[in-house]
Amino acid sequence: MPDPTTWTFLTQILAAFALSLPTALERERATRTLGLRTFPLVSVASCGYVLLAIEVMGAHPDGQSRILAGLMTGMGFIGGGAILKQGDGVRGTATAASLWTMGVVGAAVAYERYGIAIVISLINFLTLGILTRVERRFGKRDAHLGDS
């Protein structure tokens, strides 16, 4: 039988996974290259890195700040790979930003800051869902590039 700490970690990792699903489903629905598999993996990995850091280094602020800085850099690197230049246009910026926010969601869950994780996940989902429609109403035409 796993010890209580293992159950806590499992719960946190599953929470990170669950909070990434709205964004993952929206990106999948929008037929983006990155979607249902990528976003949960980013959130779970971020949560896992922070949980591991807390276990190894404790709550020491210097060590934790280095972990967060590394995660932010890594999310930027992954997100950069999602941005594509096509002709005069660029696509993938919203997907890249969403990957970055999933890193924050995973980290927030690991630090047991569930309110932050929920709010960021919700805002990301609503931004993709609602503001895409608003952009189209204002005449943004990027069908040849795909939406970002």
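Numbers for residues simply follow the sequence, beginning at 1. These numbers come from a predicted model, not from an experiment.
- Nearest approach of M75 to V42, heavy atoms of both residues: SD-CG1, 3.3 Å.
- Using modelled atom types, one side-chain atom of S121 and one backbone atom of L19 make a donor-acceptor pair closer than 3.5 Å.
- Between A16 and G106, the shortest heavy-atom contact is CB-CA, 4.1 Å.
- L126 is linked by a side-chain contact (heavy atoms from CB on, under 4.5 Å) to L122, I130, counting only residues two or more places apart in sequence or in another chain.
- If you take OG1 on T5 and CZ on F9, they are separated by 5.5 Å, rounding to the nearest 0.5 Å.
- Note: the hydrophobic cluster containing I118 also contains F39 (ILVMFWY, side chain heavy atoms under 4.5 Å, direct or indirect links).
- In the hydrophobic clustering of ILVMFWY residues, with side-chain heavy atoms under 4.5 Å counting as a link, F17 and V109 come out apart.
- V105 is not listed as a side-chain neighbour of S46, based on a closest heavy-atom distance of 4.5 Å or more.
- Cluster membership for M102 and L36, using ILVMFWY side-chain heavy atoms within less than 4.5 angstrom, is not shared.
- No side-chain heavy atom of L14 sits less than 4.5 Å from a side-chain heavy atom of T11.
- Counting Ile, Leu, Val, Met, Phe, Trp and Tyr side chains that sit under 4.5 Å apart, directly or through other members, L52 shares a hydrophobic cluster with Y49, V50, I54, V56, M57, I67, L68, L71, Y111.
- Heavy-atom minimum distance, W100 versus G76: CD1-N, 3.7 Å.
- Between N124 and E26, every side-chain heavy-atom pair lies at or beyond the 4.5 Å cut-off.
- Shown here for F125 and P22, the closest heavy-atom pair between the two residues is CD1-O, 3.3 Å.
- Minimum interatomic distance between T95 and R27 (heavy atoms only, all atoms of both residues): OG1-NH1, 2.8 Å.
- To the nearest 0.5 Å, the span separating CG on L99 from CG on L41 amounts to 10.5 Å.
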Next on the checklist: What verdict does the side chain to side chain donor-acceptor pair (under 3.5 Å) test give for D3 and T6, after you've listed the backbone C-alpha separation in whole Å, the side-chain angles of each residue and the deciding distance to 0.1 Å?
Outcome noted: CA-CA 6 Å; D3 64 44; T6 302; 3.2 Å; yes

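- To the nearest 0.5 Å, atom OG1 of residue T93 and atom CG of residue L84 are 10.5 Å apart.
- Side-chain contact between Q12 and T8: present, with at least one pair of heavy atoms (C-beta onward) separated by less than 4.5 Å.
- The shortest non-hydrogen separation linking L21 to P40 is CD2-CG, 3.9 Å.
- At a threshold of 4.5 Å between side-chain heavy atoms, the hydrophobic network of Ile, Leu, Val, Met, Phe, Trp and Tyr places I78 and V104 in one connected group.
- Grouping Ile, Leu, Val, Met, Phe, Trp and Tyr by side-chain contacts under 4.5 Å, direct or through others, puts I123 with V119.
- Going from atom CD1 of I120 over to atom OG of S98 covers 12.0 Å, rounded to the nearest 0.5 Å.
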